[in-house]
Amino acid sequence: MTNKNFNSNNGRESRKNYRQSLPKPLWRRILKWTFLVIFLFLVAGVGLFAFYAKDAPNISRADLESGGSSGLYNTNGKFVMSLGTEKRLYVKDSEDLQLLKDAIVSVEDKRFYKDKLGIDPIRIVGSMLTNAKSKSISAGGSTITQQLVKLTKFSTAASQRTLRRKAQEAWLAMRVQREYSHDEILEFYINKVYMNYGNTGIGTAANFYYGKKIGDLDLAQTAMLAGMPNRPTVYNPYTYPQYAKYRRDIVLKAMLKNKKISQEQYDEASKESIKKGLKSHNQRKQSNLRKINDPYVKEAIAEVRAKGFDPFRDNLKITINMDQKAQKKLYQLANNGQVPFTNDKMQIGASVVDPSNGHVVAILGGRHLPSSVQLGLDRAVQTTRSTGSSIKPVLDYGPAIEYLNWSTAKMLDDSKYVYPGTNVQLYDWDNKYDGMMTMRYALEQSRNVPAVKTLREVGIPRARKFAGKMDIDIPKDSGLSVAIGANASSLQMAGAFSAFATMGIYHKPQFVSKIETPDGLTRNYDSEGIRVMSKATAYIITDMLKGVIKHGSGRNAQINGLYHAGKTGSVKYSEQDLARYPGYAATPKDSWFVGYTPRYAIGVWTGYDNLKDGTISGIGQQSAQLFYKNMMTYLMRNKENVDWQKPDSVIRARIAKNSNPPEVSSTGEWQLFVRGHSPVGIVDDSSDYDEDDEKTNTNNSSSTSNTQERNAVHHENGSTTQNNKNEKKDKDLKDKPQTGNTGKDNSSDSSQNNDTNNSSSENNPHHEQKPNKPGGESNNSANDENHH
């Protein structure tokens, strides 16, 4: 009996061992490892979620009830203004909101009232599948609660769409869902969303767009407002009525599908005009302070958006670089009569930059800015007007020093000049040529022929590279006429001249220095700057530009005792312009002054928006210089007056007049050389350097009478003969790098590819201006009467 049982047990054990020794089916092994991998992923996911969620910011009722628009602060942390231009009308939950709530829930989150978590796994999986199918992020899985959390504590910037932020967003949504009712969450959401034109909250928007309370809107109007938060700019019924109607009808269809309205209600509402009941908002007034700050605010908003944020929806704390007192002073100078202008239609654009860090201290968008326009035309940053001769230090003489090691004593020939490959002759402002002169004199007196010849020696490619480092864009197909006029804004010019002020370090002008998001992250945008030229180049240019103000074309910008430097620029009317307005012949079309101290750089443009508005005549021809003078005087009133110190890379010596090669003379003029590139026998003179001892007016081989004439009024215009329509492309007769052609009409107020009809002009208030020959028309829209 015992043996029998033993044998039986032994057999079962053997069969079990045999089965265990057999290889397991492949599908069972795959299933086992699949479950194991899924389990590990779940554990890792939960762990990662917990890791991210532990650092989630706090969220309170006050946060949820607050407006979503961003605030602007100055660099001292003082509040400047909110970007929400309309006072928010906070609406409490009531029966009047029911139709709006039905619309929002139907189109945004139809399972909202069934949601107990704050997140919707079904929506998340569905959006993942949709995005995978479309190979893009075209569908979102956020609930209304998640959207509320995002508007309250996070940025909408693409750079913030990270796992960390999504985990924190989900965690906070679950917290909000536990602590508040569905109706409370909807109330927060309705009052939080951005609705364009500085409106936060649908209650504010109902009053802005329709002049009504939410409960007084009809179904179609309610649906329109419910759909706007998705893309408030695109679904703007004023500017894009077709898109607004498209979005409104989507909301109506969602309400019909969700059984919140009947088919009859849907049919009637979908036929209603999208513009029914809309009130005009074009004449809305803004505060005087907002009007003063408007150009700066506009550029700050653009800069924030360029960094990937939405300043109207992200609830940001934005630190701007504006000096409120300087901003106000710019506005006052343009409007209170302290600086004279030809007439009320004459316009101005001005920019003030701190060279040490690139901070835009203040900008002026124009004169007589209308109170009814917000974020309007900003002439300080328009790039469709020619700089005239103010470009010469950046594009001509700066590169000549940097790449060719020219000294201020370099002799240049101001003689008859015809653009290569053409029959187009270049003239100076006085239609005369003054022979050999130093580079210093040529720049101070703003002679055109030496500037063009200098650019030819440097080569346009190298000059473009030099200017490009300071964000002055010169088109590749530019011809030599760009030497006396390129298209740039007052802000770009102030930024470029700032590099001279800092001995060669360039800081890109910026309106915003710091952005703080609601979740506590801070991004700083100040930089150390980049070296764009040698100290020698910057110092030598500055030394010459001091002379422009002391005894050159910029004497009306003189400020007694102040160390500063600058350059004038004027642009002449084209032949086509003068055919329509022949009375404009003896006046400039655009007038510039760009100047700087070690503390501030100021760029000023003056002119007219449209040809029909008038011309710069009389005292208006000095407006740019006088505006600079008044603003710089104001800015430097309590600042230390510091001169630039000569670097060791520069040699200073007295040089005999017109000596070529340069010869030392105890009675000569002070000239500067790049160390290592001065003629033999010239050493650094350490004796006292008296700027007033410079007698550049004697540095010319012309007669005494011509010298006196040059010291009178200075026109920078390179007046030329009529453009030959059959002009050939430019040819570099000296085999210097050169691009461009003269097949098109081009003047000194153009940066295009034509070396013809050059025309920039300078004026002196003590002498009558001499008529210049008609110039050619610039190839840019700034010449069009309807430019603005």
Side-chain angles (χ1 to χ4, degrees), residues 295 299 334 341-342 345-351 363-367 376-392 394-395 446 467 470-475 478 481-497 509 567-574 576-578 581 584 587-595 602-616 620-621 623-625 627-628 716-718 745-752 754 757-763 775-788:
E299 301 311 318
F341 292 85
T342 301
K345 289 187 177 181
M346 185 175 171
Q347 276 298 345
I348 185 171
S351 302
I363 61 170
L364 176 67
R367 301 174 66 220
L377 173 65
D378 184 0
R379 296 170 184 84
V381 298
Q382 64 179 351
T383 57
T384 54
R385 308 301 289 248
S386 171
T387 62
S389 292
S390 62
I391 198 65
K392 290 175 181 177
V394 177
L395 195 62
S446 204
M470 294 169 278
D471 292 318
I472 301 294
D473 181 35
I474 305 299
S478 297
S481 65
V482 77
I484 53 178
N487 287 0
S489 69
S490 71
L491 181 61
Q492 288 174 316
M493 293 300 287
F497 275 55
K567 183 68 186 77
T568 54
S570 292
V571 179
K572 193 180 177 183
Y573 287 97
S574 70
Q576 290 85 346
D577 292 340
L578 293 176
Y581 298 92
Y584 292 1
T587 59
K589 180 176 184 177
D590 300 272
S591 183
W592 289 75
F593 190 82
V594 188
I602 304 176
V604 183
W605 163 85
T606 58
Y608 289 85
D609 291 339
N610 306 304
L611 280 174
K612 64 181 180 181
D613 291 340
T615 184
I616 305 175
Q621 297 183 61
S623 295
Q625 294 186 48
F627 191 92
Y628 162 85
E716 295 168 0
N717 287 347
D745 191 14
N746 186 19
S747 69
S748 65
D749 61 337
S750 172
S751 61
Q752 303 302 316
N754 312 299
N757 297 345
N758 297 282
S759 52
S760 52
S761 62
E762 281 301 345
N763 314 283
E777 183 168 7
S778 166
N779 286 323
N780 59 54
S781 60
N783 289 334
D784 296 334
E785 181 174 334
N786 298 318
H787 170 57
H788 294 296

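By convention here, the first residue in the shown sequence is residue 1.
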Quiz item: How many angstroms lie between atom CD1 of I472 and atom CG of N487, to the nearest 0.5 angstrom?
Solution: 10.5 Å
Quiz prompt | Closest contact, heavy atoms only, A496 versus M470 | solution = O-SD, 3.6 Å
Quiz item: Do M346 and Y608 have side-chain heavy atoms sitting under 4.5 Å apart?
Solution: yes
Practice problem: To the nearest 0.5 angstrom, please state how far the CH2 atom of W605 sits from the CE atom of M493. | Solution: 14.5 Å
Self-check item: Residues F497, V394; criterion side-chain contact (heavy atoms from CB on, under 4.5 Å); working and verdict
Solution: CA-CA 8 Å; F497 275 55; V394 177; 3.8 Å; yes
Quiz item: How long is the span from the CD atom in E299 to the CG atom in L491, to the nearest 0.5 Å?
Solution: 8.0 Å
Practice problem: Could I get the full list of side-chain contact (heavy atoms from CB on, under 4.5 Å) partners for A483, not counting sequence neighbours? | Solution: D396, V452, L455
Quiz prompt | Spacing of T615 atom OG1 and L578 atom CG [to the nearest 0.5 Å] | solution = 9.0 Å
Quiz item: Do you know the tightest heavy-atom contact between D471 and Q492?
Solution: O-NE2, 3.4 Å
Quiz item: Quick check: does any side chain N or O of W592 sit under 3.5 Å from a backbone N or O of S490, one acting as donor and the other as acceptor?
Solution: no
Quiz item: If every non-hydrogen atom of A486 is compared with every non-hydrogen atom of I391, which pair is closest and at what distance?
Solution: CB-CG1, 4.0 Å
Quiz item: What pair of heavy atoms forms the shortest contact from I348 to A334, and how long is it?
Solution: CG2-CB, 4.2 Å
Exercise. Evaluate the criterion side-chain contact (heavy atoms from CB on, under 4.5 Å) for residue pair S389 and K567; output intermediate values, then yes/no.
Key: CA-CA 8 Å; S389 292; K567 183 68 186 77; 3.7 Å; yes
Quiz item: Between the main-chain N or O of K612 and the side-chain N or O of N610, is there a donor-acceptor pair closer than 3.5 Å?
Solution: no
Quiz prompt | For F341, ring-ring contact (aromatic ring centres under 6.0 Å, His included) partners two or more places apart | solution = none
Practice problem: Measure the spacing between CG of D590 and CD1 of I616 and express it to the nearest 0.5 Å. | Solution: 6.0 Å
Practice problem: Taking ring-ring contact (aromatic ring centres under 6.0 Å, His included) as the test, write out the residues that go with F593, two or more places apart. | Solution: Y628
Self-check item: Donor-acceptor contact below 3.5 Å, side chain T387 vs main chain S390
Solution: no
Quiz item: Does the side chain of L395 come within less than 4.5 Å of V482's, by heavy atoms?
Solution: yes
Quiz item: Taking the side chain as C-beta and beyond, is there a heavy-atom pair between R379 and D609 under 4.5 Å?
Solution: yes
Practice problem: Taking the side chain as every heavy atom from C-beta outward, state whether Q621 and S591 have any atom pair closer than 4.5 Å. | Solution: no
Quiz item: Taking all non-hydrogen atoms of both residues, which atom of A494 and which atom of S351 are closest, and how far apart?
Solution: CB-O, 4.1 Å
Self-check item: Heavy-atom side-chain proximity of Y581 to L611 below 4.5 angstrom
Solution: yes
Practice problem: Taking all heavy atoms of T606 and all of S623, pick out the closest pair and write down the distance. | Solution: CG2-CB, 4.3 Å
